[in-house]
Amino acid sequence: MSRRYDSRTTMFSPEGRLYQVEYAMEAIGNAGTCLGILASDGIVLACEKRITNKLLDEIFETEKLYRLSADMVCSVAGITSDANILVNELRHIAQRYQLQYQEPMPCEQLVSQLCDIKQTYTQFGGKRPFGVSLLYAGWDPHYGLQLYQSDPSGNFSGWKATCIGANNAQAMSTLESEFKEGITLEDAVPLAIKIMHKIMDQNKLTAEKLELATVTRSDDKTKMTIIPREKLEKLISEREKLAAAEKQK
Amino acid sequence: MDFCIGIRGNDFVLLCEDMNAAQSIMLHKQDHEKMLDLNDHLLMTRTGNLGDGVQCAEFLQKNIQLYQIRNGYEMRSSAAAHYIRKYLADTLRSREPLEVNLLLGAYDVISNTPQLYYMDYLGSMATAPFCAHGYGAMFATSILDMYYHPGISVDEAIGILNKCIKELKKRLIINFSKFNVKVVDKDGIHKLPTISVEDGIHTH
């Protein structure tokens with residue numbers, strides 16, 4: 001069957017590159033930004049929403065943030081329909097583990113297993129890779145709070161702070177200078193807002209266009225809190241005041 | 001025809017098994033060790049079919065080791081217990097069911113607690129402060145009911161173990177000559193002196 005289709009999706013170029021994987025990453029480079037910062041007492045995930053038509057009915061609470069299990073959450077950047085498939089698969093993997101071991105799946109194992117699936121699309125079958133990068137935020141008893149990033153190639157790594165989607169390079173360079181070891185959530189949230197404000201400079205940052213969640217641990221439970229709109233508006237206006245003050249200096 | 005017993009203290013779990021390897025009326029050997037270290041803090045003993053027991057135990061041991069190599073940390077004791085239980089439950093309704101009853105002694109290094117799991121060939125599981133498998137279990141459980149108390153020490157547990165063995169020698173029709181004893185605690189699995197019925201059973 002697959003010989004009728006172009007199987008070049010899974011073959012190397014003469015220079016040793018996988019073009020389809022690179023093209024997938026191009027697609028993600030045009031998608032809404034997702035930023036993650038691992039603080040000492042929590043993880044903050046900030047996402048730029050692209051779908052903001054006022055006629056849209058709110059069926060789901062969030063556009064880009066998904067809960068994977070009791071202890072893990074993820075944000076996606078890229079083709080939404082591809083992302084839905086991967087999120088569904090992640091949820092299945094997590095529950096299958098829980099069924100077998102009666103304990104929540106450790107973060108790295110979940111990321112690793114999905115990435116093994118993503119990798120097969122770069123090697124077998126003649127199908128295209130998934131046009132999605134994901135940020136994973138979670139907790140497990142082995143390594144505590146963790147932040148991971150994966151891309152269409154099936155590569156993943158753990159991060160202290162990272163960014164995917166549009167303008168991610170700009171965000172990463174800002175993070176490299178502004179991220180401090182041992183940062184707390186109290187400082188990480190305004191930092192995330194600061195960076196989102198900076199990279200969305202052309203299109204003004206409003207609370208409507210932002211989704212922000214924190215992952216914390218208390219009472220032996222992992223809590224995912226989605227920051228409500230009023231609080232976001234307050235944080236954004238504080239950032240704008242600070243930015244205006246810095247400009248005047 | 002075999003027998004195994006487990007006793008849990010505050011910071012250890014003691015497992016003891018008979019060392020007979022028998023099939024029907026034929027006694028193959030009397031110094032056969034069935035107990036297996038699944039990882040540094042997981043000890044498993046069994047009763048039932050000899051062949052099934054080996055297949056089951058070695059398969060589980062290798063998979064638990066693979067998990068550790070893949071992930072860099074040991075499988076937690078409760079995770080391992082549930083994994084083993086599910087394995088028994090899955091094989092029950094698939095190919096030839098495994099005719100093994102298990103006792104799993106574990107020390108969870110993250111929460112620093114010892115755990116003793118009792119599993120049977122149908123895939124049921126329970127935790128208990130003390131438990132036993134086999135015909136000998138009927139005698140051993142009564143003795144444990146009388147003498148066990150929470151916070152028992154290793155020496156006290158061995159004392160009760162000797163009482164059980166004395167009772168088995170007296171009242172159980174099956175002859176056991178030697179018993180293999182191991183203990184698991186936060187420092188790992190340790191082999192204790194084999195209890196030999198001929199040399200005399202020492203009750204404290």
Side-chain angles (χ1 to χ4, degrees), chain A residues 38 68-72 74 89-120 123 134 136-150 154-160 216-222, chain B residues 38-42 44 56 59-94 98 102 104-120 122-128 186:
Chain A
L38 175 64
L68 302 178
S69 69
D71 289 314
M72 274 197 84
C74 78
E89 190 58 39
L90 282 161
R91 287 168 172 163
H92 273 104
I93 296 169
Q95 290 308 312
R96 255 178 254 135
Y97 183 98
Q98 182 129 23
L99 177 63
Q100 187 165 50
Y101 297 101
Q102 295 295 326
E103 65 168 24
M105 188 168 193
C107 301
E108 189 173 344
Q109 287 189 48
L110 178 57
V111 177
S112 173
Q113 281 196 27
L114 184 79
C115 285
D116 286 346
I117 295 172
K118 288 208 267 185
Q119 186 277 343
T120 63
Q123 196 173 19
L134 296 107
Y136 311 80
W139 181 93
D140 67 41
H142 302 282
Y143 296 113
L145 291 164
Q146 296 150 74
L147 176 66
Y148 292 95
Q149 175 193 328
S150 73
N155 260 332
F156 75 93
S157 34
W159 292 85
K160 296 175 197 169
T216 50
R217 184 90 186 150
S218 66
D219 292 329
D220 283 336
K221 282 209 171 79
T222 310
Chain B
L38 300 180
N39 69 23
D40 286 340
H41 294 96
L42 226 56
M44 187 171 85
C56 171
F59 179 79
L60 292 168
Q61 183 194 47
K62 296 335 174 197
N63 274 295
I64 289 169
Q65 290 293 337
L66 178 62
Y67 182 100
Q68 182 166 346
I69 291 168
R70 259 204 197 127
N71 299 306
Y73 43 78
E74 272 186 353
M75 197 186 279
R76 286 188 78 171
S77 52
S78 60
H82 282 103
Y83 167 65
I84 294 168
R85 187 217 70 81
K86 188 163 195 294
Y87 175 67
L88 289 175
D90 287 342
T91 60
L92 184 67
R93 283 184 171 76
S94 65
L98 292 166
L102 303 172
L104 187 71
Y107 192 87
D108 183 14
V109 288
I110 292 180
S111 64
N112 269 319
T113 45
Q115 281 146 351
L116 175 61
Y117 295 94
Y118 172 100
M119 277 178 252
D120 75 3
L122 296 169
S124 68
M125 183 167 86
T127 54
K186 66 170 169 29

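In the text below, chain A, chain B and the rest are named by the order of the sequence lines, each starting its count at 1. All values derive from a computational prediction rather than experimental measurement. What you see below is based on every heavy atom in this structure, not just the backbone, and it leaves out hydrogens, waters and symmetry mates.
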Review point. Considering all heavy atoms of both residues, which atom of A/His142 and which atom of B/Arg76 are nearest to each other, and what is their separation?
Key: CE1-CG, 4.3 Å
Check your understanding: Measuring from B/Ser78:OG to A/Glu103:CD, what's the distance to the nearest 0.5 Å?
Key -> 5.5 Å
Review point. Taking all non-hydrogen atoms of both residues, which atom of B/Lys86 and which atom of A/Gln100 are closest, and how far apart?
Key: CD-CA, 3.7 Å
**Study point:** Region of B/Tyr73 in contact with chain A, defined by heavy-atom distances below 4.5 Å
**Key:** side chain
Check your understanding: Using 30° and 60° as the class limits, which term best fits the ring planes of B/Tyr67 and A/Tyr97: parallel, tilted or perpendicular?
Key -> tilted
